[in-house]
Amino acid sequence: MTAPVFVVDELPASRCAFVLDGPEGRHAVSVKRLRTGEEVVLTDGAGRWARGEVVAVEGKDRLVVSLGEVIEEPAEAPRITVVQALPKGDRGELAVETMTETGVDAIVPWAAARCITQWKGERGAKALAKWRATAREAGKQSRRVRFPEVADASTSRQVAEVLARADFAAVLHEDRDYGSEPLATAALPTTGEIVLVVGPEGGVSPDELALFAEAGAKAYRLGRSVLRTSTAGTAAASLILGRTGRWS
């Protein structure tokens, strides 16, 4: 099994003895029960990381790690962003978790017209914090050293601006009365940014489809079955990762 990943605010520029304490140190000592001689990976979650060996365990929340060379992992290309409509209950965290494990680079929460859930005030701030915490924990669990960015919640017009800047923009939409193309055969770029829009359970509204089309996004379908909003982004991202060579 690969070494467990722990997040630090900042990594030093060279090899050194590094103290892992606080919540991450407590998790390493009390939950993971790491001992002297075991290997760990420390990362800032933004691409900088280093392997290390535990040289001392101090108390219940402190490790001393002999840190190796600090490496800068480049961002992968093409960059994959998923615009995720707000699901009900904990399905939002499920979507973030699986998309992070899959390899998505950025997630944009979207307050779509047909979303039952709406992020407002303190409730919205707490929900966004949960998404970001989920991305961080899923990034560690999946041994990533560059975690996905979780943006502030966006309106449909703000999503259209994101789509207009993309090198390839797709709205995942299955409707017999609205033309769509199979995502499996779409021409994809090898660089730049790919943006996938996942609508709510009620689907993307006609006005939103028109707005996104003006921004350059076409409608695409994954297959004959209709996926739930909490799984569609993961399925689409997996297809893109395979087709662009990021999984090769």
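What you see is a predicted model; the values in this text were computed from it and never measured.
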Requested in this report: Before giving the answer on salt bridge (charged side-chain N to carboxylate O under 4.0 Å, His left out), spell out for Glu39 and Arg51 the whole-Å C-alpha distance, their side-chain angles and the decisive distance to 0.1 Å.
Outcome: CA-CA 7 Å; Glu39 187 178 74; Arg51 295 188 186 278; 3.5 Å; yes

**Report entry** Glu122 vs Lys126, side chain to side chain contact (heavy atoms under 4.5 Å, CB included): CA-CA, chis, key distance, verdict
**Finding:** CA-CA 6 Å; Glu122 184 178 350; Lys126 288 182 178 179; 3.3 Å; yes

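- A donor-acceptor pair under 3.5 Å is formed between the side chain of Thr244 and the backbone N or O of Ile240.
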Report task. Verify side chain to side chain contact (heavy atoms under 4.5 Å, CB included) between Arg136 and Thr134, making sure each step is shown before the conclusion. Result -> CA-CA 5 Å; Arg136 173 188 169 106; Thr134 299; over 6 Å; no

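- The two residues Leu163 and Ala169 make their nearest non-hydrogen contact at CD2-CB, 3.8 Å.
- Looking at Asp105 and Arg246, a side-chain N of the basic residue comes within less than 4.0 Å of a carboxylate O on the acidic one, giving a salt bridge.
- Linking ILVMFWY residues whenever their side-chain heavy atoms come closer than 4.5 Å, directly or via other members, leaves Val204 and Leu86 in distinct clusters.
- With rounding to the nearest 0.5 Å, the separation of CD in Gln84 from SG in Cys115 is 8.5 Å.
- One finds the CZ atom of Arg91 at 9.5 Å from the OG1 atom of Thr229 (value rounded to the nearest 0.5 Å).
- A chain of hydrophobic side-chain contacts below 4.5 Å, direct or via other Ile, Leu, Val, Met, Phe, Trp or Tyr residues, connects Leu222 to Phe168.
- Contact between Ala219 and His173 at its shortest, heavy atoms only, is CB-CB, 4.3 Å.
- Of the possible polar contacts, one joining the Thr98 side chain to the Ala95 backbone as a donor-acceptor pair under 3.5 Å is found.
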Query raised in the report: Should Thr102 and Trp247 be marked as a side chain to side chain contact (heavy atoms under 4.5 Å, CB included) after you check the CA-CA gap, both sets of side-chain angles, and the distance that decides it?
Result: CA-CA 10 Å; Thr102 301; Trp247 271 4; 3.7 Å; yes

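- When atom types are taken as modelled, the side chain of Arg62 and the backbone of Gly25 share no donor-acceptor pair closer than 3.5 angstrom.
- Closest of all the heavy-atom pairs between Thr100 and Ala135 is CG2-O, 3.6 Å.
- Residues Arg132 and Glu149 are not paired through a salt bridge, judged by the lack of any N-O separation under 4.0 Å between the basic side chain and the carboxylate.
- Atoms CZ and CG, from Arg15 and Leu67 in turn, are 9.0 Å apart once rounded to the nearest 0.5 Å.
- Smallest separation of non-hydrogen atoms from Ile194 and Pro78: CD1-CG, 3.7 Å.
- Side chain of Arg146 to backbone of Ala46: a donor-acceptor contact under 3.5 angstrom is found.
- Note on Glu137 versus Lys140: salt bridge recorded, some NZ/NE/NH1/NH2 to OD/OE distance being below 4.0 Å.
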Requested in this report: Begin from the C-alpha positions of Val96 and Ile107 and carry the test side chain to side chain contact (heavy atoms under 4.5 Å, CB included) through to its verdict.
Outcome: CA-CA 8 Å; Val96 172; Ile107 300 168; 4.0 Å; yes

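- A distance-only check finds a donor-acceptor pair linking the side chain of Arg143 to the backbone of Ala3 [under 3.5 Å].
- A continuous path of Ile, Leu, Val, Met, Phe, Trp and Tyr side chains, each step under 4.5 Å between heavy atoms, connects Leu20 with Val57, placing both in one hydrophobic cluster.
- In this structure, CG on Leu63 lies 7.0 Å from CZ on Phe6, to the nearest 0.5 angstrom.
- In terms of modelled atom types and a separation under 3.5 Å, the side chain of Glu24 and the main chain of Asp21 share no donor-acceptor contact.
- Under a hydrophobic-cluster definition in which Ile, Leu, Val, Met, Phe, Trp and Tyr are linked whenever side-chain heavy atoms come within less than 4.5 Å, directly or via other members, Val8 and Val64 are assigned to different clusters.
- Listed by first and then second residue, the side-chain hydrogen bond (donor to acceptor under 3.5 Å, both in side chains) pairs involving residues 194-217 are Ser156-Glu208, Glu201-Arg228, Ser205-Glu208 (not counting sequence neighbours).
- With hydrogens and angles ignored, the 3.5 Å screen pairs a side-chain donor or acceptor of Ser30 with a backbone N or O of Lys60.
- Contact check on Arg157 versus Glu161 returns no salt bridge, with no Lys/Arg side-chain nitrogen under 4.0 Å from an Asp/Glu carboxylate oxygen.
- Ring geometry for Trp119 against Trp131 counts as perpendicular: the plane angle is over 60°, on a 0 to 90° scale with 30° as the lower cut.
- Each of Val159, Val83, Ile80 was scored for a side chain to side chain contact (heavy atoms under 4.5 Å, CB included) with Val195, with one residue passing: Val83.
- Residue Leu239 holds its CG atom at 5.0 Å from CG of Leu183, rounded to the nearest 0.5 Å.
- In Ile116, the CD1 atom is not crowded: 12 or fewer heavy atoms of neighbouring residues, nucleotides or ligands sit closer than 6.0 Å.
- Salt bridge Arg221/Glu181: absent, no basic N to carboxylate O contact under 4.0 Å.
- Follow the hydrophobic side-chain contacts under 4.5 Å out from Leu196 and you reach Tyr220 in the same cluster.
- In this structure, OG in Ser142 is found 6.0 Å from CD in Glu101, a value given to the nearest 0.5 Å.
- With hydrogens and angles disregarded, a donor-acceptor distance shorter than 3.5 Å links the side chain of Thr43 to the backbone of Arg48.
- Residues Leu11 and Ala50 share a closest heavy-atom pair of CD1-N, 4.3 Å.
- Nearest heavy atom pair, residue Ala160 against residue Leu211, reads CB-CG, 3.9 Å.
- Clustering of Ile, Leu, Val, Met, Phe, Trp and Tyr by side-chain heavy atoms under 4.5 Å joins Phe147 with Val7.
- In this structure a side-chain-to-backbone donor-acceptor pair under 3.5 Å is missing from Asp44 to Glu10.
- Partners of Glu73 according to the side chain to side chain contact (heavy atoms under 4.5 Å, CB included) rule, which considers only residues two or more places apart in sequence or in another chain, are Trp49, Val145.
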